[in-house]
Each structure stands twice: as structure tokens, then as C-alpha cells.
Amino acid sequence: MATSMRGLTQFIADIRGARVRELEEKRINKEMANIRKKFKDGNLDGYQKKKYVAKIIFTYILGYKVDVGHMEAVNLISSSKYSEKQIGYLAVTLLMHENSDFLRLVVNSIRKDLDGNNEIDNCLALHAIANVGGSEMAEALAEDVHRLLISPTSQSFVKKKAALTLLRLYRKHPDVLPATEWALRIVSIMDDQDLGVVICVTSLVMALAQDHLDAYAVCYTKAVDRLHRLVIEHEYSATYAYYKVPSPWLQVKLLRLLQHYPPSEDPTIRSILHQVLQTTMNNSAEPSSPLVTTAAVLWPVHLFQRTNVRYLGLDTMAHLAARADSLDPIKRHQSTIIFSLRDKDISVRRRALDLLYSMCDIDNSELIVGELLRYLKVADYALREEMVLKIAILTEKYASSYKWYVDTILQLISAAGDHVGDEVWYRVVQIVTNTEDLQEYAAKAPSTHESLVKVGGYILGEYGHLIANEIGYSPGNNSKFCILNLTSALLGRLDRKHGDTEDKRTWIHGGKDANLDREITKRKIQDSGGDAIAPGSEIIESLAGLEISASSGPPDTEPSNSEHMPRLTAGPSADRWVLYEDVQIQVGVKSRYQGHIGQLAVYIGNKISAPLTSFTAVVSISDPTHSLLSISFLAGSHQTIAIRLPIVVTKFFEHVKLGQAEFFERWKLIGGPPRESQSVFPIELTATGQLDLTKHRQVVSGHRLGILDDIDPNPSNLVAAGVLHMSVEGKVGCLLRLEPNRDAKLCRLTLRSTSEDVASEVQKLVQKPLKATP
């Protein structure tokens, strides 16, 4: 590209020759000014547009902001010359995001290239769709991409790109593609003669089949047939042989595809699949032991010198442990697996941890937990959090006695320190509280780490009197805690830790029982129409059976009647106010928010002496930000009241303190659209014609954003920051700048967030009370 455009070559040489950044910026600013002038004057031919757009692309790649050349890039796409069209597509994919208005202008040009007979143009269009395609582009062009994929006249390299483009669109916008309707046509391409096409289509089928198992069930037979042709009949070209293994990447994809379906009942298919697997084992470069029931594969691991083989052996055993009826064949290698925790490769250590977790049961739990505790003290920091979760879950699940449980958890807290979550020590408190024989034993336990101090503070405060007269012990003050459910909390965290991958396996680590429970839950979700509670959603649920005297709590604390109602930690953070009042009834609200969990209680009082009959109260939720309380009753006549409940996303914010440099660093790091939402709107002044700065601060702080003083040099401007707690995405940062202008009676509100949806929603909420009414 540079050799055919001398102006571009010289521009790049000048940039590289700049000795300091100031000279580089000066040269770029001069060139951008010249390009703007040329575009403004017009009358440019295709070559000149191509040259100037190429300079803009190079400037953008260097990291400079570019605000010119978008329309010229759109025009270049319509060119009949490949070099100009290529630069146009490159500019579109680099300079425009999926919500850009300019993309609407190129849809017709892209469709024209997709429908054309030029394979190169087809590929350029497919690249653009895959890299930039938003929901609008996906809706408009998905059919055209699908047509290229299934067309018998399409070249193999076009089919490969079409399959990967559909895969990209499906991952971004799964609702746009009619996956069920296309199932048979797409699966049929798995029989294509070109293995490159088969690999790409198999990737697409894997993604679609995960969400549409029944529609793509025919792919099971196709996958087994292709494996047979590869491994047994050797139907492949030499270019797809890797160290004499026929297309190993395709074999892996096909086996992963089979994983999503139960074994076939057809004896012919089962025989073919067994033959394929047996041949694969026989052709293995490493010696392998026979299959022992369903477990012993590629063992013993310590005999293998190659790290990759050790990894594969551990990973395979973890797969089998999740489904095996008996863990005895795997337990025979328990010492070898424990030894693998000290392997020099962290990936091997991680697989060993997964396998130990899956193979643990009531018989070997004390041994495995003890080994994990010993290794925890020297484990990598990257593994410690996961190890803590798994040790806590195994200890809770297979505790042989309460004393062993308490001792193990205290050792865990002491060894892991800050990696131990609060739910772990909460559980210790609950166990000790409800087990009288354990209270004196626990009161003598040593405490050193902060979390151990919390446990010790509670236990000594409640039961220290039992050892008050013994030498070396003294009583403490009473205290009260709200307890969390450990098992649901930890399993929820562990599921979320592994739930952000695209591979939706039909098994999980944790043995056969865990997988059976998972299948039962999944069937219940399907039978109920898809309404389900996400793993760990009851993380704030109080533990049943914790007996704490009523005198130790605040007078207005009310127990929950529902076993499944999340209850938040008692404290002064609860908000109370009257939501509605007239001569007949009063509706009050009490709310409390902690992390990503909110609790809202509605109180309805009768203000008249006569009783209210035929009383009903219904809460309807049309979307997560619009909850409506409908009340109807008879009091002389039929009365109906509809009240919107005060549930908004900002209720889940937590204040954040930032310095000036840190704030602007994060502000620049988040960047502009689509993670930025900005609006300019009219505002009202005070009676004296001044800005109502008090109101501005009240509105911003009322939405639980922390106001940061001395950040903006203009005292009239407001700067705020907060962290939004979300159940799936975790913590989402949000930064705010409010810039009122007294003379123009206007205000500019800018929100930047790591989540596009959060920035837009918070901007609307903050703007509404500030905007002047017409």
C-alpha cells in the first residue's frame, strides 16, 4: 500500500523521523488540517481519497483521535477498484463502532458486494460484517451471509469466512439469526469435501447446538461419520495432517460437539465411535493403560515426561470423575494426583485441583482437604481464591464432625488470609451458635487473622462465660451477626468464576451427584418455562436455626416468614418514607440495599375507622426498572390506586473516593461512546438568578454517587463516582461530570461507565429531576 502512494510513504517517514512527541503531533496536526481542506474543497478522485483515508487510518492506529474521513471511507466502499474498496472497508472496520450512524450508509454497498460474483469482494464484505456488525447490520445482512454459506457455487474460502461471520453474529446477537430454521442446511455442510470448511462450520454448529439441542441433533451422526472418515478411512489431504495425526483440531471440535448430546442408542453408531476411540488410543505416541471401567486413561501421570500429556491425563480424569458411577478406579491414583499439585506448570496444578475436587467423597475428604490445606500455604496467588472456595465447599459437604469442621475452617482462614470471603466465617459462627457441645471447644481456639478475630469476637462474646473462670481466658462483650448460607454462596461464586466461558458443558466439576443435581435443576427450569434463580442468588439468605435473643436486636427488627426471602444485614442503612397518603390509606416503604441484593417492604395502613374489604395488592414488573404496585379495595365504593415503586439502578451504587489524577485517568481510560452517555438540557435558576448548586448536589448524592470535591477547577461543576454492584457482571464503575452554565441556562451531563447500558440509564435518572419543566 505504501509503495503505490508516495504521499503516504513520505507521511509515515516523517512520523518515524520525529524525535520527540511534540514534533510528531505537529506533523499530524498539519496533515489533518490539509486533509480537512482537501475534503472540504471536494473534486477528489478515487486515488486521492484512498491516499488521504490511508493517512487517517495510520494516524488512528498511532492512537490519535480522528474525526474526519468517515464519509469518504463510505464512498470508497462503492468503488469498483479493489485497492480503493480495501481501504474503504479497512477504514470502516477501524473508525466506526457498531452503533455508528455511518454504518447505515454502507449496508447497501455491503449487500451488493455479498451478492456479487467477485469472491474478493465477498470476503471484504464478510470481514466488515464480522468486525463491526451491530444488531441492525445483522438483521439486514444475515440472510445474505447464510446464502453465501450454503450456495453450491461459493468458493471454499468464501464459505469458511461466511461460517465464521455467522458465528460472530450469533455470539453478539443470538436472537437475530433464525438458528432453528437454518439447522438442516448448515449441518449438511459438515459433509463438505474441504476440511477447512468443515472446521469452520463445526465451530458454528457447536455454538448453535448448545442453545438448540433438538434442532441440531442430526449433527451427532454427522460428527461420528466425519470422525470415522478421518481416523479409520483416512479421507484427508496431506496438508491437514499434523505430525501424522489427521486434522487434530477438527477431531477435537467434533468430540466436543458430541459432548453436548447423550450417547446414541444406535448400536451401529456406538460401534463406529468405539472403533474411532480405540484407534485413536492405539495410535497414541505415548504408552497408555487400558480403560479401567470409565476412568483410568493415560495413567500413571508421573511416568510421563511431557507436560502436555500430564495435563491431558488430569483433564480427562476430571471429565470422567464428573460422570463415573464409581470413583474407586480414580482413587487408586490419588497420591499421584496430589503430587501433581506441585508440578512446575500452573495449568497442570489447576487441573489437579479440579480433579481432587471432583473425586472427593466422604471416605477421602479428610485426606484431600488436609493436603489442599498444606499446599495452600505455598500455592500461587492465581490459585488461592479458587482453592479457598473448593476447600470450604468440601469441608462443609463432607464434614465428619463439627469439631473437624471448625478446626479445618480456622486453619483455612489462618492460611489463606484475605482470600477467605465473609461467608466462610459467618458459617463458623452459625455452627458454633447452634451446637452447644462445640461452644466451649470453639472458645478456646486461637485467633490471629482478621477473619479469625471476627469469629473469635463473636464466639467469645456469646460463649466466653463458659470459660471465664479458667486460667488464661476472659469474657468479652455480646454482639450479633446476620449469617449467610455458605453452600449456596460458595457454589454460586464458583459457578460464576467458571461461567464466563462460551463452552456450555453438560458436566461440571464436583462428581456425579453434583451433575445429577444440575440436570434435575435444569429440567425444572425447562418445565417452568425458563423462570429460574441464578446460582448463588440466595447468597444473602439467613441460615435457618440461628437462635439469637430478641433483646439483642433493634426493636423494629421483624423476622421474615418466607424461607427464601433474602434478608440483608441489619443496620442503619435502611430507608423509610411515606410513598402515598390520602384520607383513607397510607402506603409506606422501607428499603435496604447491600451489594447486588435489594430488599423492599411495603406497609399499607388503614386511616379510617371502617374496615377495608375486598383488599388486593399486586406488584407487576414490566422491566427491571419499572415496578408498579396496584392496590384495590372497597371503602364505600371501589378504589384503585397504582403507585410506581422506587426501584432504580442507582440504588445499588456504592460511593468511591478518587483523587484528581486518578479520576481523570479512569475517565480517559473508559473513553467516549458507546460507554459514554451525554446530554445538554435546560435548567432553572434560583430566585436571585444563580445556579442552584445545593439542588445539584442533592440530586447527584441522592442517586448514591459519591461527590468528589476539588476535582474540577470550576466550582460550579460537579464530579462524582460510584461502583454499581451487579449479580452477573460484578462491579461496574461509573463516573459523572455535571457542568451547568448560568448565562445559557443549560447544563451538560456526561456519564461514563464500563457498561454501555449503565451509562445511559444513570444519565436519564440524574437528568430527570434537574431538567427545567417547560
Side-chain angles (χ1 to χ4, degrees), residues 568 571-579 589-601 621 623-629 643-658 662-664 666-667 670 674-684 691-712 714-727 729-740 746-773:
L568 305 182
S573 61
D575 297 324
R576 304 178 182 87
W577 64 87
V578 176
L579 191 61
V589 173
K590 178 181 178 182
S591 64
R592 183 182 295 117
Y593 297 87
Q594 177 176 313
H596 68 277
I597 301 293
Q599 182 185 44
L600 186 74
I621 303 176
D623 62 72
T625 62
H626 190 87
S627 303
L628 195 67
L629 172 66
I643 308 169
R644 182 173 179 179
L645 295 177
I647 302 175
V648 293
V649 67
T650 53
K651 294 286 187 180
F652 299 89
F653 267 119
E654 177 186 350
H655 290 188
V656 174
K657 292 295 183 182
L658 299 174
E662 189 177 5
F663 175 85
F664 285 107
R666 298 191 181 188
W667 182 268
I670 295 176
R675 294 183 174 180
E676 177 185 273
S677 181
Q678 186 179 90
S679 63
V680 178
F681 52 90
I683 56 173
E684 294 179 348
L691 293 172
D692 195 348
L693 299 181
T694 303
K695 177 183 177 182
H696 296 174
R697 294 182 70 91
Q698 289 176 346
V699 170
V700 174
S701 60
H703 284 286
R704 302 172 69 97
L705 288 164
I707 296 178
L708 307 177
D709 296 318
D710 303 325
I711 298 295
D712 196 302
N714 187 341
S716 299
N717 296 346
L718 276 184
V719 175
V723 172
L724 176 65
H725 296 270
M726 304 178 72
S727 60
E729 299 181 21
K731 294 183 179 180
V732 174
C734 187
L735 305 177
L736 175 146
R737 296 186 69 181
L738 186 70
E739 302 166 283
L746 296 174
C747 181
R748 181 170 64 184
L749 174 64
T750 307
L751 267 298
R752 290 188 179 183
S753 172
T754 52
S755 171
E756 304 173 16
D757 298 332
V758 170
S760 176
E761 184 65 27
V762 175
Q763 180 260 319
K764 295 175 185 177
L765 293 172
V766 175
Q767 175 183 321
K768 186 174 181 180
L770 294 176
K771 187 175 181 180
T773 56

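Note that the numbering runs from 1 along the sequence shown for the chain.
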Query raised in the report: How long is the span from the CG atom in Leu691 to the NE2 atom in His696, to the nearest 0.5 Å?
Result: 6.0 Å
Query raised in the report: Is the side chain of Arg752 donor-acceptor paired with the backbone N or O of Trp667 at a distance under 3.5 Å, no angle test?
Result: yes
Query raised in the report: Per the side-chain hydrogen bond (donor to acceptor under 3.5 Å, both in side chains) rule, which among Gln678, Gln763, Arg737, Glu676 passes with Thr750?
Result: Gln678
Query - side chain to side chain contact (heavy atoms under 4.5 Å, CB included) between Leu751 and Cys734, intermediate numbers included - result: CA-CA 7 Å; Leu751 267 298; Cys734 187; 3.4 Å; yes
Query raised in the report: Could Asp709 and Arg697 be called an ion pair, given the rule that one side-chain N must be under 4.0 Å from one carboxylate O?
Result: yes
Query raised in the report: Do Ile597 and Phe652 pass the side chain to side chain contact (heavy atoms under 4.5 Å, CB included) test, and can you show the C-alpha distance, the side-chain angles, and the key distance before you say yes or no?
Result: CA-CA 8 Å; Ile597 301 293; Phe652 299 89; 5.9 Å; no
Requested in this report: Using a 4.5 Å cut-off on heavy atoms from C-beta on, say whether the side chain of Gln698 contacts that of Thr694.
Outcome: yes
Query raised in the report: Hey, is Glu739 close enough to Arg748 for a salt bridge, meaning N to O under 4.0 Å?
Result: yes
Query - Interatomic distance, Leu724 atom CG to Thr650 atom OG1 [nearest 0.5 angstrom] - result: 9.0 Å
Report task. Indicate yes or no for a side-chain donor-acceptor contact from Ser753 to the backbone of Gly733 under 3.5 Å, with no hydrogens or angles considered. Result -> yes
Requested in this report: For Arg704 and Lys651, indicate whether the former's side chain and the latter's backbone hold a donor-acceptor pair under 3.5 Å.
Outcome: yes
Report summary line: So CZ of Arg666 and OG1 of Thr754: to nearest 0.5 Å the spacing works out to 10.5 Å
**Report entry** Atom pair OG/CG of Ser679 and Leu749 - distance to nearest 0.5 Å
**Finding:** 5.0 Å
Query raised in the report: Is the shortest heavy-atom distance from the side chain of Val649 to the side chain of Val762 under 4.5 Å?
Result: yes
Requested in this report: Could you grab the distance from atom CG of Leu705 to atom CG of Leu718, nearest 0.5 Å is fine?
Outcome: 10.5 Å
